[in-house]
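Please read the structure below before turning to the comments.
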Amino acid sequence: MDLGVHGDGISADGAWFVPYTLPGDHVVVRPIGPHHALPLEWRVRASGHVVPPCAHFGACGGCVLQ
């Protein structure tokens, strides 16, 4: 998995943009569009995940790289 310019993870085959994922994650996804998917289950979680410092993360969408 790679990281896209808008902060979404990119699947190893380049077919999907997956929010809330990082390089090193292995996830099961649900497609929601031609090139977008949502993570359903983490099989492996990358060590780079941290608790976002902003209480509004995920609700407002202003800080995609938190």
Side-chain angles (χ1 to χ4, degrees):
M1 183 164 288
D2 288 318
L3 196 60
V5 296
H6 297 289
D8 290 339
I10 303 172
S11 64
D13 62 3
W16 304 104
F17 291 98
V18 186
Y20 311 116
T21 58
L22 293 173
D25 283 341
H26 292 246
V27 296
V28 176
V29 300
R30 177 175 57 96
I32 58 170
H35 299 288
H36 293 86
L38 291 176
L40 294 178
E41 175 188 343
W42 267 261
R43 300 274 171 94
V44 175
R45 195 162 183 102
S47 62
H49 287 276
V50 297
V51 175
C54 177
H56 303 288
F57 175 74
C60 78
C63 304
V64 296
L65 292 177
Q66 279 193 39

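Between atom NE2 of residue H26 and atom OG of residue S11 there is a gap of 12.0 Å, rounded to the nearest 0.5 Å.
Side-chain contact annotation: D8 with H36, donor-acceptor N/O pair under 3.5 Å absent.
Contact between Y20 and D25 at its shortest, heavy atoms only, is O-OD2, 4.3 Å. Smallest separation of non-hydrogen atoms from A46 and G24: CB-C, 4.0 Å. Residues A37 and W16 share a closest heavy-atom pair of CB-CE3, 3.9 Å.
Tested against T21 for a side-chain contact (heavy atoms from CB on, under 4.5 Å), the candidates V29, V27, L38 yield a single pass: V27.
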